[in-house]
J.: 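Mind having a look at this structure? Questions to follow.
Just so you know, these numbers use all the heavy atoms, side chains as well, and skip hydrogens, waters and symmetry mates.
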Amino acid sequence: MFFNEEGILNIDEMVVNNASFKNIMEDGVITEEEIMAQSDKVVSMLHDMEAKYNEEQLAEIKNLLVESSVLYAVYNFHSIQNIDK
């Protein structure tokens with residue numbers, strides 16, 4: 001589910017196959033309205049999860065979101081560092 005045959009996290013594949021991503025990217029232009037709509041969608045999903053899951057489950061979800069965001073941030077910083085190399 002999360003990993004491909006080689007055991008590598010296939011998040012890139014999941015993103016490009018996601019309906020939200022496809023809709024946002026279909027015209028090749030990302031608008032502020034699309035970003036806001038996606039933000040609203042994520043916030044709504046988080047509110048739904050708060051109502052649905054217990055504190056222990058929510059702590060695991062929060063930790064996953066934070067660690068995933070750290071990975072995303074450091075990957076982007078690393079990419080920027082290596083632009084001129």
J.: If you take all heavy atoms of F2 and L9, which pair is closest and at what distance?
T.: O-CD1, 3.3 Å
J.: Quick check: is L65 connected to Y75 through a chain of hydrophobic side chains (ILVMFWY, heavy atoms under 4.5 Å apart)?
T.: no
J.: Keeping N17 on the side-chain end and E13 on the backbone end, is there a donor-acceptor pair under 3.5 Å?
T.: yes
J.: Looking at I24 and E34, what are the two nearest heavy atoms and their distance?
T.: O-OE2, 3.6 Å
J.: How about I30: does its CD1 atom have over 12 heavy atoms from other parts shown lying under 6.0 Å from it?
T.: no
J.: Using modelled atom types only, decide if a donor and an acceptor are shared between the side chain of S44 and the backbone of D40 within a distance under 3.5 Å.
T.: no
J.: Taking F21 as the starting point, is it possible to reach Y72 by hopping between hydrophobic residues whose side chains are less than 4.5 Å apart?
T.: no
J.: Does I61 reach the side chain of Y53, with side-chain heavy atoms less than 4.5 Å apart?
T.: yes
J.: How long is the span from the CE atom in M14 to the CG atom in N4, to the nearest 0.5 Å?
T.: 9.5 Å
J.: Less than 4.5 Å apart, side chain to side chain, heavy atoms only: is that true for F3 and N10?
T.: no
J.: Any chance you could measure K52, atom NZ, to H47, atom NE2, to the nearest 0.5 Å?
T.: 15.5 Å
J.: Report the distance from atom NZ of K62 to atom CD of Q57, rounding to the nearest 0.5 Å.
T.: 16.0 Å
J.: Quick check: does any side chain N or O of S68 sit under 3.5 Å from a backbone N or O of L64, one acting as donor and the other as acceptor?
T.: yes
J.: Answer yes or no: are there more than 12 heavy-atom neighbours, outside Q81 itself, under 6.0 Å from its atom CD?
T.: yes
J.: So how far is it from L71 CG to H78 NE2, rounded to the nearest 0.5 Å?
T.: 12.0 Å
J.: Hydrophobic clusters here meaning ILVMFWY residues chained together by side-chain heavy-atom distances under 4.5 Å, can you tell me if M49 and V42 are in one?
T.: yes
